[in-house]
Each structure stands twice: as C-alpha cells, then as structure tokens.
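Below: one structure, written as structure tokens.
From a predicted model like this one, the values you see are computed outputs, not experimental measurements.
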2 protein chains.
Amino acid sequence: MTLSEEDYIKIIYHLGKGEQGTVSTNAIAEKMETKPSSVSDMIKKLSEKGLVNYKKYQGVTLSEYGLKVALSIVRKHRLWEVFLVEKLEFSWDEVHEVAEQLEHIKSEKLIDMLDKHLGFPQIDPHGDPIPSKSGEFKKSIKRLLNEVPIGKEGICIGVKDSSPPFLKFLDKNKIALGDSIFVVDKEEFDGSLHIKIRDIDIRISDQIASNLYLRIIE
Amino acid sequence: MTLSEEDYIKIIYHLGKGEQGTVSTNAIAEKMETKPSSVSDMIKKLSEKGLVNYKKYQGVTLSEYGLKVALSIVRKHRLWEVFLVEKLEFSWDEVHEVAEQLEHIKSEKLIDMLDKHLGFPQIDPHGDPIPSKSGEFKKSIKRLLNEVPIGKEGICIGVKDSSPPFLKFLDKNKIALGDSIFVVDKEEFDGSLHIKIRDIDIRISDQIASNLYLRIIE
DNA sequence: ACAAATTTTTAGATTTGACTAAAATTTTTT
DNA sequence: AAAAAATTTTAGTCAAATCTAAAAATTTGT
C-alpha cells in the first residue's frame, strides 16, 4: 500500500464513523485537501484492489479487508501518540502531526514491541480507544470524573468549569489534558475521590471531580 | 526534501566516506538499485537545489549544505537504531530496515526528545558514532576489549575467537553483538576486567576480554 | 595515440497521483 | 416533472521519479 492509499483508507474510515456509513467523494476530497476528480481516480484504484465497495455516483464504503487495513492504521497512529506523550513528553495537542507520519512505518514487530513497551494501552492521549492487533476495540464514553466507577481509568479530555481558579487548581496539581486518571476509591461521606495520576496518589473533592471530563472505556 | 532526495543524499554521503570523496553515477545507481540514467536526472536536480557539487562526467560531492542534511539523516537513523535495541528489544541485526523508514520522519522536536529519552547516546548498536544536532561527531575505532582504557565504553561488534565454547560463554553471560560495555576497572595482577553491561556488573578474565572486539569513541 | 570498452548523459516513454475543464448523473427546487 | 443546482465522473495535462535505447565523453589497453 502506498502512503496515499493509506491516507484515503483512513479518511474513509473516519468519515464512515467506524464502519457502515457510505462516504461521498466530496467529503473525501475536502479531508484530503484535494479535488473530487482526484478522489474519483483513487477510489477506482482502491476498488480494484478490493479495499472499498464502490458503485459509480453511489459513494464508497470500506470492504471487510479495507476496514482491517484502516484499523491497523488507526492502531499504529494511536500507539505512537501514546508513545509521544508518555515517553517523549509531548503534550496531547502536539502529537497528531507526528503520529500522522509515524503511522505509515511498515514493521509488524515494531508495533508489537511498541505496544508492549507502552504496557498495552487501551486509550490514546485524546481518550480514543486503541484497536487490538486483531482489530477489536472497546467503545469509549465521556463521563464526569465523579461519575466514573471505582477501579476504572480514563483520559482527561476537558473541563466543565473553565474559570481561572479551577484551571489554576488543575495546574497546581499537575492535572492536564491527556493525563490518565485511575479512580482508586470514593469516600461515601463527602464524595471525595482518591485517584492515581502519573503514578502519584492524590485526593480530590467532589466539587473538582464534577467539573472534569474523562473518556473511559466500555 | 522528498524521500527519494534524502536517500540519494545519504548514499552519496556514505559512498564519499563521510566527506570529500567524489562519487560516481554508477556507484550511486548500484546502491539505489536504480539505473545510471535515473541517477543523472536526480543529480541534476540535487545540484540545482545546492545539495551537491556537480560537473558533467566528473562525479559528485556533497556541498556544505548537503553534508549538513546527510548528517542529520544519519543522526536520525542511528538514534532510531538505539531506540529499537534499547527500548524495544530488537537485536542489532534487525534494526536497519526499520530505521531506514524512521529516519525520514520530519519533526525536530521528535528527534530532540528521542535523543533525551535515550540519554544522549554517542554510539549506535553497530558501534557507529551518532552525529550531534549540529553535525559533529567523534571518530570511532575498533579495539579488543582488553585494550579499552578504564572508564571508556564501547559497543560489542565481533569476536576474534569464534569457537563454540567461547560463544557459549558469551551467551551464558548475556553478552551479545550490539551490547554496550563499560570498562569499570582492570586488575593489574591478572588483567581481569570489571565491566558493566546492561546495568549489571560482572568480572571477566583477560582471556575472554582479548577475544571480544568493541567499537569505542575517540 | 587511437580503437575498444566503460561510464555517463540525453531523449523519449511510463507510472503515480494530482489538476482543470467539461460531461454525466443525481438531488433539490419550484 | 422539468429546470436548476450540486455532485461525481471522464478526458486530457502535468510533475516527479523511474525506465530503455542511443549518443556523448572518458578511461583503458595495446
């Protein structure tokens, strides 16, 4: 597969919202920053290779094979994002562009060992789930931290209250977007939480927890 | 720079043995696994871009700028090789092909942070020196381990004695090609060595040390 | 030194992925 | 249900990087 073909497959996957949706030529052209006529050409090629189902003027869907390819690219992209954030100190908003390049590296062993090196993560720094080698992955949902069940882990993806005092609190406690938070325990009495973040245990009030959005799995 | 241009520059660098040597069209064609006529075309293009000095029928040399580009590619390649061996458990002979792809990823921050993550290594798993960000690097030389000065470190690049008992000894002591060995101390009395390998201290006899080749820096 | 062999370059064709302009099809509006 | 609008495809070019075949320059051998 060429680099360009991989980009098309990935974009068709995302526009099709994971699977079934049929995708229009124009939509692809916009995402690829190219012209619809170029897209037509490429679709024809992908169709001949069995990666997409295509009937003229009717839009495309990924074939079973195409979906498999798409998931393997998404897997690579998200694993590299985890690597950049966890190992190379990138922040969650700097990783996309580089992961976009890294996702095209071809080596099965590389990805297997990277996965292992990272401890088989299930979520990337934006909270999106990482497909397994065989292409399965859990659905992720958005939850306020105080609604996350004990024993679950999620990625911090946003705040409800964006007032300066709250943001300052987060900063002081080194809680940032993209951080992974594990809910260790919850105090019945006042709803305060015992969480683990970057391997450090801290305690936070219900008031804080009810203003932080996490993305969790399952 | 396109991927192909980068490959040409790197090959001209290696064929020119680091700098001055003028390189023939045929030699480049062979390394690139392409035809001399294709090389002529590309050389013309690289020349127009100021990357090489070129006079028809007279071979090419890298320009100052081209050398800088070459060194940055070599730097990336060797840093990735260290990463693959040290962090992802690749063996020294599996890294080349993957590093060949990774060296083309474009992100200054990525390389800076990778360098930091790896502890600013000076040698890659084959014992070759890693150019600094500004393009400087130390010359490396091949030495028998028993001739390496105390306090120096080198990469294991080969054996003098390849008899089964010796190789079995190396295997038992987890000494493999590509491993980094640091000479902690040397016993005057019998010439035995105290070395550090993979963060473990071990003691080896002069007999062993005089059959292992290291590549060291300076 | 000059003919033969080798190396290098030029000329013209090919492939990939993109482009423009125009034609074909589908969708929307009236 | 036609006309208008939007979308999609086709046809014909283009640029990058390659190729083959043939011409030009250099090097080698005697």
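In the set dT10(C), dT18(D), dT9(D), the nucleotide with an atom closest to the side chain of Lys44(B) is dT10(C). Considering only side-chain atoms of Ser40(B), the nucleotide from dT9(C), dT9(D), dT26(D) that sits closest is dT9(C). Side-chain proximity of Met42(B) to the nucleotides dT26(C), dT10(D), dT18(D) is greatest for dT18(D).
Residues meeting the side-chain contact (heavy atoms from CB on, under 4.5 Å) test with Phe137(A), sequence neighbours left out: Tyr13(A), Leu71(A), Pro129(A), Pro131(A). In this view, Glu64(B) satisfies the side-chain contact (heavy atoms from CB on, under 4.5 Å) rule with no residue, not counting sequence neighbours. His96(A) meets the ring-ring contact (aromatic ring centres under 6.0 Å, His included) test with His77(A); sequence neighbours excluded. Applying the side-chain hydrogen bond (donor to acceptor under 3.5 Å, both in side chains) rule to Glu136(A) yields the partners Ser134(A); only residues at least two apart in sequence or on another chain are considered. The side-chain contact (heavy atoms from CB on, under 4.5 Å) test applied to Ser72(A) returns Lys76(A), not counting sequence neighbours. Contacts of His126(B) classified as ring-ring contact (aromatic ring centres under 6.0 Å, His included), with partners at least two apart in sequence or in another chain: Trp92(B).
Classified by interplanar angle (parallel below 30°, tilted 30° to 60°, perpendicular above 60°), the ring pair Phe169(B)/Phe166(B) is parallel.
Contact between the side-chain N/O atoms of Asn26(A) and the OP1/OP2 oxygens of dA6(D) is not found at any separation under 4.0 Å. OP1 or OP2 of dT18(D) sits under 4.0 Å from a side-chain N or O of Ser4(B).
Within residues 46-57 of chain B, the residues having any heavy atom under 4.0 Å from DNA chain D are, by residue number, Tyr57(B).
Between the CD atom of Gln58(A) and the P atom of dA24(C) there is a distance of 18 Å, rounded to whole Å. Taking atom CD1 of Ile28(B) as the reference point, atom P of dT7(C) lies 14 Å away to the nearest angstrom. When the P atom of dT7(D) is taken as reference, atom CD1 of Ile43(A) falls 16 Å away, rounded to whole Å. Following rounding to the nearest Å, Asp41(A) (CG) and dT20(C) (P) show an atom-to-atom distance of 13 Å.
Within the model, atoms CD1 of Ile216(B) and NZ of Lys138(B) stand 12.0 Å from one another, a figure rounded to the nearest 0.5 Å.
Listed by first and then second residue, the ring-ring contact (aromatic ring centres under 6.0 Å, His included) pairs involving residues 48-67 of chain B amount to none (not counting sequence neighbours).
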Shorter than 3.5 Å, N or O on both sides, protein versus nucleotides 20-22 of chain D: list them out with atom names.
unit_1  : atom_1 : unit_2   : atom_2 : d
dT20(D) : O4     : Ser37(B) : OG     : 3.0

